[in-house]
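A short worksheet on the structure shown next.
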Amino acid sequence: MKRLPIPEDVTGEEIDKDVRQELQSLPKTLADDVAKNLVMVAKLIDEDPEGAYGYSRVALRLASRVAAVREAAGFAAYANQKYSEALAEFRAARRMTGNIDLWPVMADCERGLGRPEKALDMAGAPEVHKLDKAGQVEMRLVAAGARRDMGQLDAAIVTLQSPELASNSVQPWTARLRYAYADALLAAGREGEAREWFAKAVEADKDGSTDASDRLAEMDGVEFVDALDENENENENENEGDGDGDGDVKSGRDEQKDGLGDGRGASAASAEDSSEDRDS
């Protein structure tokens with residue numbers, strides 16, 4: 001079996017105590033090896049999902065009968081948009097534990113597989129009533145995304161309207177719920193309301209989980225400067241000015257001005273895919 005390198009500072013002790021307890025069913029050396037690979041999955045899944053996927057496959061080959069391993073493999077596959085594989089792993093983990101917490105992300109996998117109707121069926125299933133508040137909000141986000149997949153924009157807006165959306169208290173899900181609502185309003189052409197809700201999302205987004213501030217600035221016509229490009233242009237201007245006089249310095253400033261304002265586009269498009277349409 002091909003192993004992947006594990007940094008020396010990764011001990012395996014970093015994993016959650018409940019996962020550690022699950023691994024106690026394995027021989028100690030094997031449990032430590034699996035734990036280290038799971039730590040790498042957690043470390044990489046946001047910044048390097050492909051790398052995380054590789055470590056998850058190693059852990060899966062080592063301990064496929066451990067529910068936490070199947071769940072980690074599911075999330076790594078999900079992060080790489082391997083929705084069929086992710087769904088299979090989540091189902092396996094749920095069979096092993098009977099835990100309902102994975103229900104919303106399983107429904108979102110159905111969306112990823114082009115089956116929004118199935119996701120909506122899951123949103124109306126009895127299992128949803130067994131979810132905690134965070135899980136129910138996630139399920140609402142998935143259902144709204146499924147409505148949008150089906151071209152039912154007004155229904156998506158109504159789906160997001162809830163006591164959690166109206167509440168002034170800030171919970172872990174608040175920023176994403178407000179963001180999804182703002183984006184649906186904007187898609188429906190209700191720009192004034194959309195701006196209001198993007199602003200509310202910014203207020204709740206303390207850890208930058210959305211790009212609500214960029215979307216709000218975009219609506220207000222604010223343009224952003226890429227500081228690195230600006231410094232490079234300034235250096236070029238200085239070099240040109242030393243050799244050719246004031247005329248070239250002015251030309252450099254014009255080029256610098258023309259380069260402003262495009263740095264936000266990629267992040268906005270990315271958030272539109274992940275936070276609005278696949279926000280679970």
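All values derive from a computational prediction rather than experimental measurement.
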Find the distance between CZ (Arg190) and CD (Glu196) and round it off to the nearest 0.5 Å. 10.5 Å
Closest heavy-atom pair, Ser56 versus Val41, reported as atoms and distance to 0.1 Å, is N-CG2, 3.5 Å
Are Val137 and Val158 linked, directly or through other ILVMFWY residues, by side chains that come within less than 4.5 angstrom of each other? no
Check: Asn37 side chain, Asp33 main-chain N or O, donor-acceptor pair, under 3.5 Å: yes
Spatial distance of atom CG (Asn168) from atom CD (Glu203) [nearest 0.5 Å]: 9.5 Å
Arg20 side chain to Gly12 main-chain N or O, any donor-acceptor pair under 3.5 Å? yes
Taking atom CG of Asp48 and atom CG of Asn80, what is their separation to the nearest 0.5 Å? 8.5 Å
Are the side chains of Ile100 and Arg94 in contact, using a 4.5 Å heavy-atom criterion? yes
Looking at Arg147 and Ala155, would you say the former's side chain and the latter's main chain have a donor-acceptor pair under 3.5 Å? no
Side chains of Glu138 and Arg176, heavy atoms from C-beta outward: is any pair under 4.5 Å? yes
Main-chain N/O of Leu160 paired with Ser162 side-chain donor or acceptor, under 3.5 Å: yes
Validation row: Lys206, Val170 side chains within 4.5 angstrom (heavy atoms): no
Show the nearest heavy-atom pair for residues Ile157 and Ala188, with the distance to one decimal. CD1-CB, 3.8 Å
Nearest-0.5 Å distance that lies between atom SG in Cys109 and atom NZ in Lys118: 12.5 Å
Given Leu60 and Glu89, is the side-chain contact (heavy atoms from CB on, under 4.5 Å) satisfied, shown in steps? CA-CA 10 Å; Leu60 192 59; Glu89 297 300 340; 3.5 Å; yes
Is there a chain of hydrophobic side chains (I, L, V, M, F, W, Y, each step under 4.5 Å between heavy atoms) that links Ile15 to Met96? no
Note: Thr174 and Ser169 closest approach over all heavy atoms is OG1-O, 3.7 Å
Salt-bridge test for Asp32 and Lys28: reply yes if a basic N is under 4.0 Å from a carboxylate O, no otherwise. yes
Any carboxylate oxygen within less than 4.0 angstrom of a Lys/Arg side-chain nitrogen, looking at Arg195 and Glu191? no
Side chains of Leu186 and Arg215: closer than 4.5 Å at any heavy-atom pair? yes
Could you check whether Tyr78 and Asp108, counting side-chain N and O atoms only, form a donor-acceptor pair closer than 3.5 Å? yes
Interatomic distance, Leu102 atom CG to Glu127 atom CD [nearest 0.5 angstrom]: 12.5 Å
For Ala144 and Thr159, which heavy atoms make the closest approach, and how far apart are they? N-CG2, 3.8 Å
The salt bridge (charged side-chain N to carboxylate O under 4.0 Å, His left out) partners of Lys82 (sequence neighbours excluded) come to none
Transitively linked via ILVMFWY side-chain contacts under 4.5 Å: Tyr53 with Leu4? no
Can you find a heavy atom in the side chain of Arg148 that is under 4.5 Å from one in the side chain of Pro116? no
Any sub-3.5 Å donor-acceptor pair from Gln136's side-chain atoms to Leu131's backbone N or O? yes
What pairs of residues pass the ring-ring contact (aromatic ring centres under 6.0 Å, His included) test when at least one of them lies in residues 86-111, not counting sequence neighbours? Phe75-Phe90
Are Leu113 and Val142 grouped together when hydrophobic residues (ILVMFWY) are joined by side-chain heavy atoms under 4.5 angstrom apart? yes
Which residue pairs pass the ring-ring contact (aromatic ring centres under 6.0 Å, His included) test with at least one member in residues 117-147, sequence neighbours excluded? none
Grab the two heavy atoms, one from Pro7 and one from Met40, that are nearest each other, plus how far apart they are. CD-SD, 3.5 Å
Please lay out, stage by stage, how Leu165 and Trp197 fare under the test side-chain contact (heavy atoms from CB on, under 4.5 Å). CA-CA 10 Å; Leu165 179 68; Trp197 282 97; 3.5 Å; yes
Closest heavy-atom pair, Val128 versus Ala123, reported as atoms and distance to 0.1 Å, is CG2-O, 3.4 Å
Is atom CG of Asp207 surrounded by more than 12 heavy atoms (other residues, nucleotides or ligands) closer than 6.0 Å? yes
Rounded to the nearest 0.5 Å, how far does CG of Asn99 lie from NZ of Lys130? 11.0 Å
Check the pair Leu120, Met150 against side-chain contact (heavy atoms from CB on, under 4.5 Å), reporting the backbone distance first and the verdict last. CA-CA 11 Å; Leu120 286 177; Met150 298 167 67; 3.5 Å; yes
Please answer whether the main-chain N or O of Ser64 pairs with a side-chain N or O of Arg70 as donor and acceptor at a distance below 3.5 Å. yes
Less than 3.5 Å apart, any donor N or O on the side chain of Glu193 or Tyr181 sitting next to an acceptor on the other? no
Decide yes or no for Arg3 and Leu62: does some side-chain heavy atom of the first lie under 4.5 Å from some side-chain heavy atom of the second? yes
Going through the checks in order, is the side-chain contact (heavy atoms from CB on, under 4.5 Å) test met by Val39 and Tyr55? CA-CA 9 Å; Val39 170; Tyr55 283 100; over 6 Å; no
So do Lys133 and Gln171 actually touch side chain to side chain, heavy atoms under 4.5 Å? no
Are Val58 and Val19 in one and the same hydrophobic cluster, where Ile, Leu, Val, Met, Phe, Trp and Tyr link if side-chain heavy atoms are under 4.5 Å apart? yes
Any donor-acceptor N/O pair, Glu85 side chain to Ala77 backbone, under 3.5 Å: no
